[in-house]
There are 2 protein chains.
Amino acid sequence: MRKVVKNSPIPIYAQLQDIITEMIENDELQPHDPIPTEHEFCQIQQISRMTVRTAIMTLVNEGILYREQGKGTFVADKKPKYQLSGLKGLTEGMEELGYCVETKILSFQLVPCSKVESSIIGLADGQKAIEVKRLRIVDGEPYAIETVLLHPAQCPNLTRNLIENTSLYDVLRHQYGLIPHYSKQIVEPVRLNTFEKNTFHLANDSLGLLFKRTTYTKEDKVIEFTKSVYRIDKHKFEMVLKM
Amino acid sequence: MRKVVKNSPIPIYAQLQDIITEMIENDELQPHDPIPTEHEFCQIQQISRMTVRTAIMTLVNEGILYREQGKGTFVADKKPKYQLSGLKGLTEGMEELGYCVETKILSFQLVPCSKVESSIIGLADGQKAIEVKRLRIVDGEPYAIETVLLHPAQCPNLTRNLIENTSLYDVLRHQYGLIPHYSKQIVEPVRLNTFEKNTFHLANDSLGLLFKRTTYTKEDKVIEFTKSVYRIDKHKFEMVLKM
């Protein structure tokens, strides 16, 4: 095990995180191996228990390690990658990777929007949007919480049932002729709020990724504006960028 | 001002964050406007001072608001977007947007790598990589900390001077014929460590985005592996995805 450098500008706990991550990358520690105990890390690195705990808890929150009550801390399975390269809904993207994707609709209602959101989806002053909140479930585990905003005139008679357990893109494509051609996504890091943490069964202080996506037709008409909060402990998010 | 909902699963501070963000999106609050005082928020929303502070501090950390000692809390300038759609180095991407980009090399050395990193850039067992740590500065402000790993055989005689104040891609392209064709980037949310926070002059507990990028030639040869930590309080990160 590489030793921490005491007079580095990089804090000791961050160095220890790097060292543990390297041991996993180097296959010195394999998935489901127990990691050294806190006491062993303190002895080997000559650092405080608090520092060791901070490093380990951060890696647990990131899904690199996991804890089992009374048994210790172990190396988690490697995270599969979720490619953001093409324009696909989560369902299509994950199903191509061989995952079983389910969707649970949390709410379906008409809501007033902020001015910015209204202008994105093209609502008139005071007009309400169709808001669909969905929980995306991959291989039985809650994976993302999505809030989709749609213009009601673009998808008349859309009901909750129509989009239950199916790809929203499919419905928009086949029922309403809204064919997605490109999307713009803004990505931000977020601290999960209580509702999100409880939904994902994650510890306090967990981080997530927030994607704000606007999807357009070939004619640059906006189809949807979606905010999605993803957990990051199960999958990696990869983008392929071309010249 | 919209009121918080007390019996919602969404915590009150997160609701207050949304309300303040909406007021900014709706132009009820403009850049450099003072926001209501903590006391006013407590009165209007009938919530505790701690809850108000948590909401405001989070927005300050995210760069939505800023504080001035003894004066109060104000709305920050809107964040410009940095497009991740094409394969461009930061220099080219930001200069196209009209920014002045400078680069300060923090270190240039041969380093041993982890097994995963060695296998990505194609090092033999025990072979060292060229590691370049750079601080990217946009319009005079530290913006990103990059750690680039290069295979020494692919860029012989590369020196610190050669890449000072220039685009690394330009040097690789023109001096070594390494022409980037596509890259794969993994994006992760991170808590900034002490070195990163100090470099960016940010408060404790600030978040950032970590991009791990592998760049390839047309022939799928790896040119570089780069880890970049970006601050998120100044710019938005946008991707354009196509069918």
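Residue numbering restarts at 1 for every chain, and letters A, B, ... go by the order of the sequence lines.
Among all heavy-atom pairs drawn from L207(A) and L207(B), the shortest one is CD2-CD2, 3.6 Å. Across all non-hydrogen atoms, the minimal contact from L209(A) to V187(B) is CD1-O, 3.8 Å. Closest of all the heavy-atom pairs between P189(A) and P189(B) is CB-CB, 3.5 Å.
Below 4.5 Å, heavy atoms of chain B meet no heavy atom from residues 105-113 of chain A.
Annotation: M1(A), atom CE; neighbour count of heavy atoms from other residues, nucleotides and ligands within 6.0 Å is above 12. Within a 6.0 Å sphere centred on NZ of K227(B), other residues, nucleotides and ligands contribute 12 heavy atoms or fewer.
R191(A) touches chain B through backbone and side chain together, each having a heavy atom under 4.5 Å away. Proximity to chain B is limited to the backbone of S206(A), based on heavy atoms less than 4.5 angstrom apart.
Of the inter-residue distances, the one linking T58(B) atom OG1 with N193(A) atom CG reads 11.0 Å to the nearest 0.5 angstrom. With rounding to the nearest 0.5 Å, the separation of CD1 in I120(B) from CD in E25(A) is 7.5 Å. Separating the OG atom in S114(B) from the CD1 atom in I19(A) is a distance of 12.5 Å, to the nearest 0.5 Å.
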